[in-house]
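Just so you know, ligand 1 is whichever comes first in the structure, and atom 1 is the first atom listed for that ligand.
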Amino acid sequence: MIIGLFGGSGQLGRALQRDLAPLGEVLAPTRLQLDLSDVAAVQQWLQQNRCDLLVNAAAMTQVDVAETSVELAMQLNQYFVQQLAEYAAAHNIWLVHFSTDYVFDGSGEIPWCETDECRPLQIYGRSKRAGELAIQASGCQHLLIRTSWLYDSQGQNFLLTMLRLARQSTAPLKIVSDQIGAPTYAPQLSAVVQQMLQQLLQMPPHQATTLSGIYHLCATGYCSWLEFATAIFAQAKAKGLLHECQVIAAISSSELARPAARPKNSRLNTDKVQTTFNLQLTGWQQQLAQCLDLLKNSAKTGK
Ligand SMILES: NC(=O)c1ccc[n+]([C@@H]2O[C@H](COP(=O)([O-])OP(=O)(O)OC[C@H]3O[C@@H](n4cnc5c(N)ncnc54)[C@H](OP(=O)(O)O)[C@@H]3O)[C@@H](O)[C@H]2O)c1
């Protein structure tokens with residue numbers, strides 16, 4: 001089986017490159033090899049490589065930049081996704097795609113279900129929602145996986161920013177306490193996606209088709225960014241990655257003026273994915289420990 005993986009250099013894409021390898025031959029073009037905003041180049045790549053499965057971990061993910069780079073956000077998060085979905089529909093192959101808690105407006109305190117109404121607050125969320133709608137309109141078989149608050153041991157993310165700031169400064173860090181979600185470690189998400197795909201690919205096609213749809217998939221449990229930062233510092237100190245726990249001051253979203261609004265309630269209800277695929281997801285604290293253990297080992301070995 002030939003698997004086309006897009007965004008293979010990103011937080012999630014790196015983990016997927018490893019986890020998809022046992023399922024088939026993974027073709028993961030880099031940005032230099034294929035600019036995903038180039039419609040003609042993407043079409044040519046798809047025609048030349050004849051994949052049996054498409055997995056899209058690529059996106060324009062810079063939420064604040066998207067406010068002023070609307071076209072780029074739409075190109076990657078809507079039109080490119082539409083192109084993949086139409087190809088998948090025409091060739092009767094599955095498309096695995098990732099979306100976000102930012103498709104919701106963050107109202108209320110109840111975890112969002114897959115069927116809840118989407119009302120994104122910013123361009124990024126609108127562009128991701130447009131991608132979701134394009135997949136549904138194409139009629140392709142899809143796993144459309146909405147996740148939240150992704151991080152990894154490399155790249156740019158909240159966890160690594162916190163560790164860097166804690167090492168650089170002794171002044172209290174101001175962290176938002178009124179946004180609630182589930183921080184999700186990209187390799188954990190990728191491992192679950194591998195399990196889902198393994199199950200799908202073993203089923204008779206008519207049975208697999210019935211599982212096509214949207215799934216919420218993130219770590220279990222919820223916290224605020226403030227609680228996440230507190231846990232990062234406590235665990236990092238316990239593991240010897242930090243000498244001292246950084247002092248933190250709670251602030252509200254409105255005090256942290258950013259170009260794009262963020263949803264306050266980013267909780268995702270993961271019952272559907274757990275029941276459908278008979279999976280047990282792990283908690284956010286456990287996922288954090290796993291990531292920090294990796295950082296600790298890399299610090300020891302210098303890798
Ligand atoms: N990050 C989060 O907190 C979060 C939360 C919820 C959902 N999600 C969703 O989860 C998925 C994975 O997110 P992530 O954090 O892993 O993303 P990421 O680390 O920002 O990676 C994005 C990937 O897309 C590639 N890409 C972007 N524009 C491209 C272009 N024009 N041509 C070729 N490649 C391009 C990047 O390539 P380069 O390395 O060359 O830039 C990179 O491989 C996305 O669908 C995202 O919307 C993310």
Tell me the contacting part of [X] for ligand 1: side chain, backbone, both, or neither, using a 4.0 Å heavy-atom threshold, strictly below.
X	result
W149	backbone
S99	backbone
T61	side chain

To which protein heavy atom is [atom] closest, and what is the distance rounded to 0.1 Å?
atom	answer
atom 21 (O) of ligand 1	G10 CA, 3.3 Å
atom 33 (C) of ligand 1	L36 CG, 3.4 Å
atom 19 (O) of ligand 1	Q11 N, 3.0 Å
atom 16 (O) of ligand 1	L12 N, 2.9 Å
atom 40 (O) of ligand 1	R31 NE, 3.0 Å

Could you tell me whether the side chain of S190 and the main chain of A186 form a donor-acceptor pair under 3.5 Å? no
Within the supplied structure, the quantity of interest is the number of heavy atoms (other residues, nucleotides, ligands) at a distance under 6.0 Å from Q168 CD; does it exceed 12? yes
Mutual orientation of the aromatic rings belonging to F228 and W225 [parallel < 30°, tilted 30-60°, perpendicular > 60°]: tilted
Check the angle between the aromatic planes of W112 and F104 and answer parallel, tilted or perpendicular using the 30° and 60° thresholds. parallel
So which of [options] gets nearest to [atom], if we judge by its closest heavy atom?
atom	options	result
atom 38 (P) of ligand 1	A58, G7, S190, S9	S9
atom 48 (C) of ligand 1	T30, N157, L189, L150	L150
atom 47 (O) of ligand 1	F6, F98, Y151, Y124	Y124

Is any side-chain heavy atom of L279 closer than 4.5 Å to one of M196? yes
Please could you name the atoms of ligand 1 that [X] approaches to less than 4.0 Å, counting only its heavy atoms?
X	result
A57	12 (C)
K128	44 (C), 45 (O), 46 (C), 47 (O)
A59	22 (C), 24 (O), 27 (C), 44 (C), 45 (O), 47 (O)
L34	32 (N), 33 (C)
T147	6 (C), 7 (C)
D35	30 (C), 31 (N), 32 (N)

Measure centre to centre between the rings of W284 and W149, then say whether the value is under 6.0 Å. no
Could you pull out the closest heavy-atom pair between Y222 and L268, with the gap in Å? OH-O, 3.0 Å
Rounded to the nearest 0.5 Å, what separates atom CZ in R146 from atom CG in L144? 7.0 Å
The residue among S69, S37, S127 that forms side-chain contact (heavy atoms from CB on, under 4.5 Å) with M60 is S69
Please name the residue in the list V273, T147, I145, V192 that meets the side-chain contact (heavy atoms from CB on, under 4.5 Å) test with C218. T147
What's the verdict on ring-ring contact (aromatic ring centres under 6.0 Å, His included) for Y151 and F158, showing C-alpha distance, side-chain angles and the deciding distance? CA-CA 7 Å; Y151 64 93; F158 184 82; 9.2 Å; no
